[in-house]
Amino acid sequence: MVKDLFERIQTNKGPLGKWASQAEGYFVFPKLEGELGPRMKFQGKDILNWSLNDYLGLANHPEVRKADTDAAIEYGAAYPMGARMMSGHTKYHEQLEQELAAFVMKESAYLLNFGYQGIMSTIDALVTRNDVIVYDVDAHACIIDGVRLHSGKRFTYRHNDVESMEKNLQRATKIAEETGGGILFITEGVFGMRGQQGKLKEVAALKKKYNFRLLVDDAHGFGTLGKTGAGAGEEQGVQDEIDVYFSTFAKSMANIGAFVAADKEVIDYLKYNLRSQMFAKALPMIQTIGSLKRLELLRQSSEIKDKLWVNVNALQNGLKEKGFNIGDTNTCITPVYLEGSIPEAMVMVNDLRENYGIFLSIVVYPVIPKGIILLRMIPTASHTLADIDETLSAFEAIREKLINGTYRQIAEQTKVDLDA
């Protein structure tokens, strides 16, 4: 007997979906209103927002807003129509690619419509069934999904563990010698949950012993790290060792889109083999011209990145001085680790939002181990030192309530499943 395909959906909502009735609209899928920035509204109340990836505050920069508006007036939302290969190619797409390549110190670049879709398709295009992929076990979901498309062998190494990297490169080398294929090594410039930089310098050193190509997803490093903002590779002095550099516009560029940069021969290959772009409408002119203005500001306005890091250092140092565990982040991403259950985390975040006016992202099991609550903050250039002081005071208050059992008592009174 063939089961109804939807039977599983009806009985198993998934590890996060099972919380939908309690979480949706508040903890997940919240509706933030008002102009993008540190001060917005949530359910009619003013909140201090630490959950925007607008690192450099470009979303509401007057020059950016004008560029976006002018492009919309001149071209509308549809232009250009068609895929780049057929009818959607413009001089502005070419210009943006040339400027991006120069900015990240690569020979050539290619625009992508979306980061998630783009990295998946890039991985798919770079390997055949004879090739082997080696990647970090903590890689972002888009990388994992890209690797799933691969019909050949793949190995994960322990997060940022050089010994594990080498062990798996040895395994990959043995298989590649048998299949006649090559090895693609994938890591991230910045790991978005914990805020650690990928060990790009150590990976680059392994290229002297093993024959592999290195793909780096630098979504959170682009614009925030390195002397010029070219990312984690520049920060660690190994940008030249990155064979394929990838980043999205959804963070520092405050836009939609992405790009991949490499030697011209590699980019020329991807242009004719990257299925997510070959068979998709070109990036609209609003995003293309808007990104040219954003990139111009990245190149010319170093004080924006300097302001970002003033805020990052003030927030992270303040948290450490007050005894909070922020792990070993060495980027803008600021995680705060606390011990507690999912119900306690729900009560805590509700308290933060309703009584302290602080809005931030909460991360719990299965994304991180059971018994841990991760409060993830994204400081931006738009925040102020006063915002940071306000947040530090709120954090001291909620920590005390977590320790003294206040949040657990509230969770018990609301009859939330404490064993989940």
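Computed from a predicted structure; not experimentally measured.
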Give the C-alpha distance, both sets of side-chain angles, the deciding distance and a yes or no for salt bridge (Lys or Arg N to Asp or Glu O under 4.0 Å) between Lys271 and Glu97.
-> CA-CA 12 Å; Lys271 285 168 64 175; Glu97 287 169 344; 5.9 Å; no
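The line from CG of Leu298 to OG1 of Thr224 is 10.0 Å long, rounded to the nearest 0.5 Å. Atom NZ of Lys153 is separated from atom CG of Asn130 by 12.5 Å, given to the nearest 0.5 angstrom. Note that the CE atom of Met85 and the CG atom of Leu274 stand 11.0 Å from one another [nearest 0.5 Å]. Taking CD from Glu7 and CG from Asn12, the interatomic distance works out to 11.5 Å, rounded to the nearest 0.5 Å. Taking CZ from Phe395 and CG from Leu338, the interatomic distance works out to 7.5 Å, rounded to the nearest 0.5 Å. The structure places CD of Glu321 at 12.0 Å from CD of Gln316, a figure rounded to the nearest 0.5 Å.
Side-chain atoms of Asn168 come within 3.5 Å of backbone atoms of Ser164 as a donor-acceptor pair (strictly under, hydrogens ignored). Judged by distance alone, with hydrogens and angles left aside, the side-chain atoms of Thr156 form no donor-acceptor pair with the main-chain N or O of Val137 at under 3.5 Å. Between the side chain of Asp351 and the main chain of Val347, no donor-acceptor pair closer than 3.5 Å is present. With hydrogens and angles disregarded, a donor-acceptor distance shorter than 3.5 Å links the side chain of Lys207 to the backbone of Glu241. Counting only distance, with no hydrogens or angles, the side chain of Asp218 and the backbone of Ser247 share no donor-acceptor pair below 3.5 Å. Side chain of Glu107 to backbone of Lys264: a donor-acceptor contact under 3.5 angstrom is found. Put simply, the side chain of Thr334 gets close to the backbone of Cys332: a donor and an acceptor are under 3.5 Å apart. A donor-acceptor pair under 3.5 Å links the side-chain atoms of Glu234 to the main chain of Thr228, judged by distance alone. Formation of a donor-acceptor pair under 3.5 Å by the Asp136 side chain with backbone atoms of Asp138 is found in this model.
A search for side chain to side chain contact (heavy atoms under 4.5 Å, CB included) contacts involving Met40 returns Leu32, Leu36, Ile47, Asn49, Leu52, not counting sequence neighbours. For Lys209, the side-chain hydrogen bond (donor to acceptor under 3.5 Å, both in side chains) partners at least two apart in sequence or on another chain are Glu166. Arg376 meets the salt bridge (Lys or Arg N to Asp or Glu O under 4.0 Å) test with no other residue; sequence neighbours excluded. Remark: Asn53 pairs with no residue by the side-chain hydrogen bond (donor to acceptor under 3.5 Å, both in side chains) rule, at least two apart or across chains. Here Asn273 pairs with Tyr269 under the side chain to side chain contact (heavy atoms under 4.5 Å, CB included) rule; sequence neighbours left out. Residues that satisfy the salt bridge (Lys or Arg N to Asp or Glu O under 4.0 Å) test with Arg213, not counting sequence neighbours, are Asp243. A search for side-chain hydrogen bond (donor to acceptor under 3.5 Å, both in side chains) contacts involving Arg39 returns Asp387, Glu390, not counting sequence neighbours. Annotation: side chain to side chain contact (heavy atoms under 4.5 Å, CB included) contacts of Thr331 (sequence neighbours excluded): Val190, Gln197, Leu225, Thr329, Ile333. Under the side chain to side chain contact (heavy atoms under 4.5 Å, CB included) criterion, Ala250 pairs with Thr248, sequence neighbours left out.
Considering only heavy atoms from C-beta on, Asn211 stays 4.5 Å or farther from Thr173 through its side chain. For the pair Leu48 and Pro38, the minimum side-chain heavy-atom distance is below 4.5 Å. Using a 4.5 Å cut-off on side-chain heavy atoms (C-beta onward), Glu94 and His89 make contact. The side-chain heavy atoms of Cys142 and Asp217, taken from C-beta on, include a pair separated by under 4.5 Å. No side-chain heavy atom of Asp131 sits under 4.5 Å from any side-chain heavy atom of Leu184. The side-chain heavy atoms of Met165 and Leu206, taken from C-beta on, include a pair separated by under 4.5 Å. Within the 4.5 Å cutoff, side-chain heavy atoms of Val147 are placed close to those of Ile143. Side-chain contact between Lys167 and Phe155 is absent, with no heavy atoms from C-beta onward closer than 4.5 Å.
For the pair Arg353 and Tyr26, the cation-pi criterion (under 6.0 Å, within 45° of the ring axis) is fulfilled.
Of all heavy-atom pairs between Asp268 and Tyr272, the closest is O-CD1, 3.2 Å. Residues Ser252 and Leu58 come closest through the heavy atom pair O-CD1, 3.5 Å. Minimum interatomic distance between Ala280 and Asn113 (heavy atoms only, all atoms of both residues): CB-ND2, 3.9 Å. Scanning both residues, Ala314 and Leu385, for their nearest heavy atoms gives CB-CD2, 3.7 Å. In plain terms, the two heavy atoms of Lys281 and Ala78 that are nearest each other are NZ-O, 2.7 Å. Considering all non-hydrogen atoms of both residues, Ala261 and Val104 come closest at CB-CG2, 3.8 Å.
Here the two rings, on Phe259 and Phe222, have centers that are under 6.0 Å apart.
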Which side-chain N or O atoms in residues 120-127 pair as donor and acceptor under 3.5 Å with protein atoms at least two apart or in another chain?
{"unit_1": "Ser121", "atom_1": "OG", "unit_2": "Arg275", "atom_2": "N", "d": "3.4"}
{"unit_1": "Ser121", "atom_1": "OG", "unit_2": "Ser276", "atom_2": "N", "d": "3.1"}
{"unit_1": "Ser121", "atom_1": "OG", "unit_2": "Ser276", "atom_2": "OG", "d": "3.2"}
{"unit_1": "Thr122", "atom_1": "OG1", "unit_2": "Gly118", "atom_2": "O", "d": "2.8"}

Residues 284-295 side chain polar contacts: donor-acceptor under 3.5 Å, at least two apart:
{"unit_1": "Thr288", "atom_1": "OG1", "unit_2": "His93", "atom_2": "NE2", "d": "3.3"}
{"unit_1": "Thr288", "atom_1": "OG1", "unit_2": "Leu283", "atom_2": "O", "d": "3.4"}
{"unit_1": "Thr288", "atom_1": "OG1", "unit_2": "Pro284", "atom_2": "O", "d": "2.9"}
{"unit_1": "Ser291", "atom_1": "OG", "unit_2": "Asn255", "atom_2": "ND2", "d": "2.9"}
{"unit_1": "Ser291", "atom_1": "OG", "unit_2": "Gln287", "atom_2": "O", "d": "2.9"}
{"unit_1": "Lys293", "atom_1": "NZ", "unit_2": "Glu63", "atom_2": "OE1", "d": "3.4"}
{"unit_1": "Lys293", "atom_1": "NZ", "unit_2": "Glu296", "atom_2": "OE1", "d": "3.4"}
{"unit_1": "Lys293", "atom_1": "NZ", "unit_2": "Glu296", "atom_2": "OE2", "d": "3.3"}
{"unit_1": "Arg294", "atom_1": "NE", "unit_2": "Met253", "atom_2": "O", "d": "2.5"}
{"unit_1": "Arg294", "atom_1": "NE", "unit_2": "Ala254", "atom_2": "O", "d": "3.2"}
{"unit_1": "Arg294", "atom_1": "NH1", "unit_2": "Asp68", "atom_2": "OD1", "d": "3.0"}
{"unit_1": "Arg294", "atom_1": "NH1", "unit_2": "Gly290", "atom_2": "O", "d": "2.9"}
{"unit_1": "Arg294", "atom_1": "NH2", "unit_2": "Asp68", "atom_2": "OD2", "d": "2.9"}
{"unit_1": "Arg294", "atom_1": "NH2", "unit_2": "Ala254", "atom_2": "O", "d": "3.2"}

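Residue pairs meeting the side chain to side chain donor-acceptor pair (under 3.5 Å) criterion with at least one partner in residues 297-308, sequence neighbours excluded, are Glu99-Arg299.
Classification of Glu412 and Arg408 as a salt-bridged pair holds, one side-chain N sitting under 4.0 Å from a carboxylate O.
In this structure, His140 and Tyr116 have perpendicular ring planes: the angle between them is above 60°, well past the 30° mark. Ring pair His383/Trp50 is parallel by interplanar angle, where below 30° counts as parallel and above 60° as perpendicular.
Under the side-chain contact (heavy atoms from CB on, under 4.5 Å) test applied with Tyr157, the options Leu169, Val162, Val134 reduce to a single match, Val134.
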